[in-house]
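A short write-up of the structure that comes next.
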Amino acid sequence: VPLLESGGGLAQSGGSLRLSCAASGFTFSNYAMHWVRQAPGKGLEWVSGISGSGASTYYGGSVKGRFTISRDNSKNTLYLQMNSLRAEDTAVYYCAKDKYVNLVGTNDYWGRGTLVTVSS
Amino acid sequence: QSVLTQPPSTSGTPGQRVTISCSGSSSNIGSNSVDWYQHLPGTAPKLLIYTNNQRPSGVPDRFSGSKSGTSASLAISGLQSEDEADYYCAAWDDSLNGPVFGGGTKLTVL
């Protein structure tokens with residue numbers, strides 16, 4: 001179940017980036033999806049999740065109001081629009097597939113991640 | 001500071017049994033099931049245990065999980081060198097309306 005993230009890179013503080021996650025090997029619309037990040041030297045932190053239909057979205061407190069999760073089920077692709085970036089958003093961002101159509105948070109497949117670096 | 005509490009590190013020798021604890025509260029572990037992930041730096045995290053004690057296909061039965069009240073634990077028996085990795089517990093948090101992770105436990109195989 002490949003999940004391939006892209007869009008990471010270097011951004012200025014206050015700037016924006018858009019991450020993408022291309023999925024294959026499963027019926028994309030049948031599963032909720034998540035973004036999870038790992039800052040340097042830190043543990044995993046859930047960022048955002050979206051239901052299989054895209055109708056329900058959820059955000060972690062540290063990104064609420066700045067990040068927007070979305071999906072295009074016709075393209076089997078998950079997105080994360082990141083605005084007002086801060087230095088503390090620097091992390092490897094992982095795309096993860098939920099085991100269920102609604103958000104449960106049990107992620108049975110993960111991508112290898114894309115690095116986002118925010119410079120101040 | 002992570003919502004779920006894990007020991008930062010543990011170690012064992014080949015063949016030994018080790019356990020990793022995960023402590024939470026009534027809003028997460030106390031009312032929802034627990035998952036465990038194995039993560040090697042630079043690779044994709046791997047689901048090891050879900051719904052407290054279920055193993056995905058392909059995960060050896062050396063790995064087992066349990067939950068009691070607001071705590072959970074992961075046990076690894078017959079420790080092998082390839083088990084050296086970071087291990088994370090996770091559970092849905094009803095107050096935060098999202099999944100929360102433990103801070104991770106680094107397992108060293110001596």
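These values consider heavy atoms only, across backbone and side chains, with no hydrogens, waters or symmetry-generated copies. Order of the sequence lines fixes the chain letters, A, B, ..., with proteins taken first and strands second; residue numbering starts at 1 for each chain.
For the atom pair Leu44(A) CG and Tyr88(B) OH, the distance stands at 4.5 Å (nearest 0.5 Å). Atoms OH and CG, on Tyr59(A) and Asn97(B) in that order, are 13.0 Å from each other to the nearest 0.5 Å.
Of all heavy-atom pairs spanning Arg112(A) and Gly42(B), the tightest one is NH2-O, 3.1 Å. The minimum heavy-atom distance linking Val104(A) with Trp92(B) is given by the pair O-CE3, 3.3 Å.
In this structure, Leu48(B) is a member of the same hydrophobic cluster as Leu4(B), with clusters built from ILVMFWY side-chain heavy atoms closer than 4.5 Å. The hydrophobic clustering, which links ILVMFWY residues whose side-chain heavy atoms are closer than 4.5 Å, places Leu17(A) and Val63(A) together. When the side chains of ILVMFWY residues are joined at heavy-atom separations under 4.5 Å, either directly or via intervening members, Ile50(A) and Met82(A) end up in a single hydrophobic cluster. Val47(A) and Leu78(A) fall within a single hydrophobic cluster, where Ile, Leu, Val, Met, Phe, Trp and Tyr are joined by side-chain heavy atoms under 4.5 Å apart, directly or via other members. At a threshold of 4.5 Å between side-chain heavy atoms, the hydrophobic network of Ile, Leu, Val, Met, Phe, Trp and Tyr places Tyr87(B) and Ile29(B) in one connected group.
Contact check for Thr51(B) versus Thr106(A): no side-chain heavy atoms found under the 4.5 Å cut-off. Residues Trp46(A) and Leu96(B) are not in side-chain contact: their nearest non-hydrogen atoms beyond the backbone lie 4.5 Å or more apart.
When Val100(B), Asp86(B), Leu47(B), Thr43(B) are compared by the number of non-hydrogen pairs under 4.5 Å with chain A, Leu47(B) comes out ahead.
Heavy atoms closer than 4.5 Å to chain A are found nowhere in Ser33(B), neither backbone nor side chain. At a 4.5 Å heavy-atom cutoff, the contact between Lys99(A) and chain B is made by side-chain atoms alone. Neither the backbone nor the side chain of Val92(A) comes within less than 4.5 Å of any heavy atom in chain B. Heavy-atom distances place both the backbone and the side chain of Pro45(B) under 4.5 Å from chain A.
Remark: side-chain polar atoms of Tyr37(B) are paired, donor with acceptor, to backbone N or O of Asn107(A) under 3.5 angstrom.
Other residues, nucleotides and ligands place more than 12 heavy atoms under 6.0 Å from the CZ atom of Arg66(A).
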